[in-house]
There are 2 protein chains.
Amino acid sequence: MRRGKIWRQANPTNPAFTPETSPFFHLSRLTGLYHLRMDAHLKPIGMDVPRWRVLNILYEHECAPISTIADLAVIRMPTMTKLIYRMEGEGLVSTRVSAKDGRVTEVSLTEKGHAGVDQVRVKAGLIFERAFHDIEDGEIEAFMKIMKKVYDNIY
Amino acid sequence: MRRGKIWRQANPTNPAFTPETSPFFHLSRLTGLYHLRMDAHLKPIGMDVPRWRVLNILYEHECAPISTIADLAVIRMPTMTKLIYRMEGEGLVSTRVSAKDGRVTEVSLTEKGHAGVDQVRVKAGLIFERAFHDIEDGEIEAFMKIMKKVYDNIY
DNA sequence: AAAAATAAGTTGAAATATCCACTATTGCGT
DNA sequence: ACGCAATAGTGGATATTTCAACTTATTTTT
């Protein structure tokens with residue numbers, strides 16, 4: 001076990017632990033603020049963060065089962081099922097039962113869904129720019145590397 | 001404007017953008033997974049992540065108005081108000097109107113709330129250990145520095 | 001000292017998310 | 001082929017979050 005200064009304070013079991021020294025506390029806080037900012041931009045165009053997550057995933061996958069989308073977005077399946085059908089009602093995605101496997105519901109983007117992605121990316125770009133304008137490329141790279149590592153560790 | 005490899009792909013307005021190259025997408029995903037793992041540990045002891053955020057903040061502040069807690073936790077005030085009163089009903093916190101300012105409701109930890117913090121920290125410690133065991137102290141430090149910077153940028 | 005503006009909180013209705021139990025379909029082992 | 005386990009999804013009851021409008025208290029203007 002290491003004995004560094006950070007390690008000690010970052011571990012919640014240590015008495016010296018505070019939210020200020022906790023990576024996960026900062027993580028939750030930053031994500032919360034990001035969602036707040038995104039929502040402010042997305043609301044006026046009838047969109048929100050969960051929808052955007054789905055659109056982004058489908059933009060890449062073209063056609064994916066609900067379970068895969070739920071897994072990639074880290075949203076529980078019952079929640080995702082309902083979100084997908086809401087989005088279908090809004091014309092953003094279309095669904096159909098898979099020909100290969102009668103259990104799976106395949107979801108794909110509609111024309112309107114594609115347009116929605118482009119529309120939201122402009123907004124997302126603004127926030128990204130604001131958030132990372134003074135962060136070096138190398139730092140962003142390192143940042144993402146750690147997030148991936150931690151994600152895999154608790155996956 | 002910079003032209004690095006990461007920058008281009010990380011910006012949502014760039015056609016080469018994918019969730020895989022987006023810091024914010026990874027951020028949301030990691031936070032989601034973390035909440036999932038925490039919930040699994042917290043549910044059996046009648047706790048959850050929002051409650052834990054509040055407990056942690058009060059552990060530091062001893063006595064804070066709802067608005068401050070809401071701000072620190074990045075949770076909207078109506079949500080926080082209801083959460084606080086739920087927690088009061090559960091005996092975790094106590095509330096009273098401030099003597100100095102009749103508008104503010106001061107919240108503080110009860111005995112049971114303190115015990116709850118200690119109890120949850122054990123669980124949080126397990127997940128922290130699992131998540132960061134192979135991450136260097138220096139990396140954690142850099143990680144948190146970037147999160148703070150980004151947080152301030154979009155605050 | 002009002003009047004106006006701001007800040008803190010509260011509440012009810014509506015939107016969402018979550019739990020849990022259930023169905024339908026497929027895969028696996030013998 | 002048969003039965004059992006696993007997978008994908010659905011549906012209802014419940015819990016939580018959010019919006020929008022409102023109340024009350026304080027601060028700032030004029």
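Numbered from 1 within each chain, the chains take letters A, B, ... in sequence-line order.
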According to salt bridge (charged side-chain N to carboxylate O under 4.0 Å, His left out), who are the partners of A:Asp101, at least two apart in sequence or on a separate chain?
A:Arg103

Residues at least two apart in sequence or cross-chain that pass side-chain hydrogen bond (donor to acceptor under 3.5 Å, both in side chains) with A:Asn153, listed by chain then number, are B:Asp134

Rounded to whole Å, the NZ-C1' distance (A:Lys100 to C:dG27) equals 17 Å

Note the angle between the end axes of the helix from C:dA1-D:dT30 to C:dT30-D:dA1, five pairs defining each, rounded to 10 degrees.
40°

Please state whether the phosphate of D:dT16, meaning OP1 or OP2, lies under 4.0 angstrom from any side-chain nitrogen or oxygen of B:Arg86.
yes

Please determine if a side-chain N or O atom of B:Arg76 lies less than 4.0 Å away from the OP1 or OP2 oxygen of D:dT17.
no

Partners of A:Phe24 by ring-ring contact (aromatic ring centres under 6.0 Å, His included), sequence neighbours excluded?
B:Tyr34, B:Phe132

For B:Val97 and B:Gly102, which heavy atoms make the closest approach, and how far apart are they?
CG1-O, 3.7 Å

All side chain to side chain contact (heavy atoms under 4.5 Å, CB included) counterparts of A:Lys145, not counting sequence neighbours:
none

Per-nucleotide protein contact string for nucleotides 7-12 of chain D, where B marks a base within reach and S marks sugar-phosphate only (heavy atoms under 4.0 Å, - for neither):
BSBBBB

So, using ring-ring contact (aromatic ring centres under 6.0 Å, His included) as the criterion, who are the partners of A:Phe143 when residues are at least two apart?
B:Phe143

Name the atoms and distances for all side-chain donor-acceptor pairs under 3.5 Å in residues 35-42 of chain B, with sequence neighbours left out.
from	atom 1	to	atom 2	distance (Å)
B:His35	NE2	A:Ser28	OG	3.2
B:Arg37	NE	A:Ile154	O	2.6
B:Arg37	NH2	A:Ile154	O	3.2
B:His41	ND1	B:Arg37	O	3.1

Rounded to the nearest Å, what distance is computed from the CE atom of residue B:Met80 to the C1' atom of nucleotide C:dT10?
15 Å

Under the salt bridge (charged side-chain N to carboxylate O under 4.0 Å, His left out) rule, collect the residues that match up with B:Arg96, sequence neighbours excluded.
B:Glu106

Residues from residues 25-60 of chain B lying under 4.0 Å of DNA chain D - heavy atoms
B:Pro50, B:Arg51

Scan the side chains in residues 53-67 of chain B for donor-acceptor partners under 3.5 Å anywhere in the protein, sequence neighbours excluded, and list what turns up.
from	atom 1	to	atom 2	distance (Å)
B:Arg53	NH2	B:Ala73	O	2.3
B:Asn56	OD1	B:Arg121	NH2	3.3
B:His61	ND1	B:Ile57	O	3.1

Just how far, in rounded Å, is C1' of C:dT16 from CE of A:Met87?
14 Å

Separation of A:Ile75 atom CD1 from C:dC19 atom C1', in whole Å?
17 Å

Name each donor-acceptor pair under 3.5 Å that joins a side chain in residues 88-95 of chain A to protein atoms two or more places apart or in another chain, with its distance.
from	atom 1	to	atom 2	distance (Å)
A:Glu88	OE1	A:Thr95	OG1	3.2
A:Glu88	OE2	A:Thr95	N	3.1
A:Glu88	OE2	A:Thr95	OG1	2.9
A:Glu90	OE1	A:Arg51	NH1	2.9
A:Glu90	OE2	A:Arg51	NH1	2.6
A:Ser94	OG	A:Ser108	OG	3.3

Any side-chain heavy atom of B:Gln119 within less than 4.5 Å of one from B:Ile45?
yes

